[in-house]
There are 2 protein chains.
Amino acid sequence: MSGAAHLTLTTDVVPFAIHGERLEVLLARQAADWRLPGGPIAAGEELDAAARRYLAAQTGLNDVYLEQLYTFAQPKRHAGQRMVTVAYFALVSTDFPSDDGAPADRQAHWIAVNELPAQAPDGAEIVALAHRRLASKLAYSTIALQLMTEHFTLSELQAVHETILGETLDKRNFRKRILALDCIEQTGALERRRGHRPARLFRAKRPGQVDFIK
Amino acid sequence: MSGAAHLTLTTDVVPFAIHGERLEVLLARQAADWRLPGGPIAAGEELDAAARRYLAAQTGLNDVYLEQLYTFAQPKRHAGQRMVTVAYFALVSTDFPSDDGAPADRQAHWIAVNELPAQAPDGAEIVALAHRRLASKLAYSTIALQLMTEHFTLSELQAVHETILGETLDKRNFRKRILALDCIEQTGALERRRGHRPARLFRAKRPGQVDFIK
DNA sequence: ACAAAAGTGTTTTTGTTACACCCATGT
DNA sequence: ACATGGGTGTAACAAAAACACTTTTGT
């Protein structure tokens, strides 16, 4: 009746960010290769606390949006040792450094979701599942705001949606829809970039909070 | 670094069925009181296999639709022993016996979701979460068919939707929508009940399979 | 003949999609 | 003056909601 024999409970986190029209995942160095951040859950620790702890320790990420994805059991991975993984995904704002330091020194680095290396067991499947979940949530929540910096333009927000969905959206329809959600407001400031009209900056009305639609 | 100390991994299952316009949950006897079916996962066992095993052993249910819901950790439940629960919900067809035998003898019994007893830790929350998930899936999948008997009338299917959603639906709009999904077909037979026109019987085109919409 | 649930279309309203031009800036 | 992305409204279409009467059976 005891299911506890040689059981290791771990978390894996899929940390997403958008960098230059690409959806990327932050991988952590583990021995020779790159893996999703994560590791065993400590005694008395909450699951999401463990996920946050490994994110911080292995990648330096803090204060991200975190959501439980799915729980996987690998019935017998290596000799007697059994592993159960609670998978999470995290959304990281675009201004978190995309990659710093020399490639060899980094303890973590971003890689595009469609260029994942042969990786941790099930790593690619977990990422694919997280990607699907994220894409479907765009339709009925304000979750994309968790990927934005504090201030952002509507075109930037649209580009985030387009990157996740893998399709282009109509500018006027997108703006109509987003503004109707009443989830963002103008800051009053403008973002000026060379060579064209400055864009209005917006911010989330309820930063950190994900609202559902309808 | 070892998260395995005194860790018990368990499953809990929320088995739903519709009985007479009520959404009910099947509880299993555990010592003095009634609990969601479930228990510790055996070594080398898949998570959903454990859920099915406990359902069968504690309630007699077999071959139900099963879906993972969420994973909960109770950081320290009783003295050192830690419990992590992978929650599932199950959908049971209406013809599974609603309750048989004398109340005192039963090893399991159905109870309406809005009349749950003070129960297992988090029992009511797990049921509520499962109920919300089920209700939202009605909008974009054919999941409700998993609650039906092999043959059923459109009015019965509509009643199942109404019971889960807690609101009445328009008969013509409901039929238009369901038939457009191309998930059910007429059997040719009629169900005749006293006192009114007989109803056409339908069956699922792909029983056991849940299709998604759009 | 009456009660009770089954069955059936059309109109109205709402939301979604498609679409093209002017604006403000930097060079 | 030109290149670049920012910003804006309307018409067509599709989907969802509202709505009432006839049919078939049992009593």
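What you see is a predicted model; the values in this text were computed from it and never measured. Throughout, protein chains are lettered first and strands after them, A, B, ... in sequence-line order, and every chain is numbered starting at 1.
For the pair B/Arg193 and D/dT27, the criterion of a side-chain N or O lying under 4.0 Å from OP1 or OP2 is not met. The side chain of A/Ser155 contributes no N or O atom lying less than 4.0 Å from OP1 or OP2 of D/dG5.
Taking 4.0 Å as the cut-off between side-chain N and carboxylate O, B/Arg82 and A/Glu46 do not count as a salt-bridged pair. Between A/Glu185 and A/Arg203 a salt bridge is recorded (basic side-chain N to carboxylate O distance below 4.0 Å).
Looking at A/Lys176, its side chain comes within 3.5 Å of the base of C/dT17 through a donor and an acceptor atom. One N or O donor and one acceptor, one from the side chain of B/Arg172 and one from the base of D/dA20, sit under 3.5 Å apart. With hydrogens and angles left out, the side chain of B/Arg192 and the base of D/dT25 share no donor-acceptor pair within 3.5 Å.
Atom CH2 of A/Trp110 is separated from atom CH2 of A/Trp34 by 12.5 Å, given to the nearest 0.5 angstrom.
Atom pair A/Glu21:CD and D/dG5:C1' shows a separation of 13 Å (rounding to whole Å applied). Across the protein-nucleic acid pair, A/Arg194 atom CZ and D/dC2 atom C1' stand 18 Å apart, rounded to whole Å. Straight-line distance from the CD1 atom of A/Ile213 to the C1' atom of C/dT14: 17 Å, rounded to whole Å. We find that CZ of A/Phe202 is positioned 11 Å from C1' of D/dG6, with the value rounded to whole Å. With rounding to whole Å, B/Asp170 atom CG is found 14 Å from C/dT12 atom C1'. Going from atom CG of B/Leu165 over to atom C1' of D/dA17 covers 16 Å, rounded to whole Å. Distance A/Asn173 CG to C/dT14 P: 19 Å, rounded to the nearest Å. Taking atom CD of B/Glu191 as the reference point, atom C1' of C/dA4 lies 14 Å away to the nearest angstrom.
Between A/His196 and A/Leu179, it is A/His196 whose nearest contact on DNA chain D lies nearer the 5' terminus. When the nearest nucleotides of DNA chain C are assigned to A/Pro198 and B/Leu201 by heavy-atom distance, the more 5′-ward of the two goes with B/Leu201. Of the residues near DNA chain D, A/Gly195 and A/Leu190, the one whose nearest nucleotide (by heavy atom distance) lies more toward the 5' end is A/Gly195.
When heavy atoms are screened at a 4.0 angstrom cut-off, A/Arg177 is found touching no nucleic acid atom at all.
Here the side chain of A/Arg200 is nearest to one of D/dT8, C/dG9, C/dG7, namely D/dT8. Relative to the side chain of A/Arg175, the nucleotides C/dA6, D/dT8, D/dG9 differ in distance, and D/dT8 lies closest. Residue B/Arg197 places its side chain closer to C/dA6 than to any other of C/dA6, C/dC23, D/dG26.
For B/Glu191, the CD atom counts as densely surrounded, since its 6.0 Å shell holds more than 12 non-hydrogen atoms of other residues, nucleotides or ligands. Surrounding CG of A/Asn114 are more than 12 heavy atoms belonging to other residues, nucleotides or ligands, all under 6.0 Å away.
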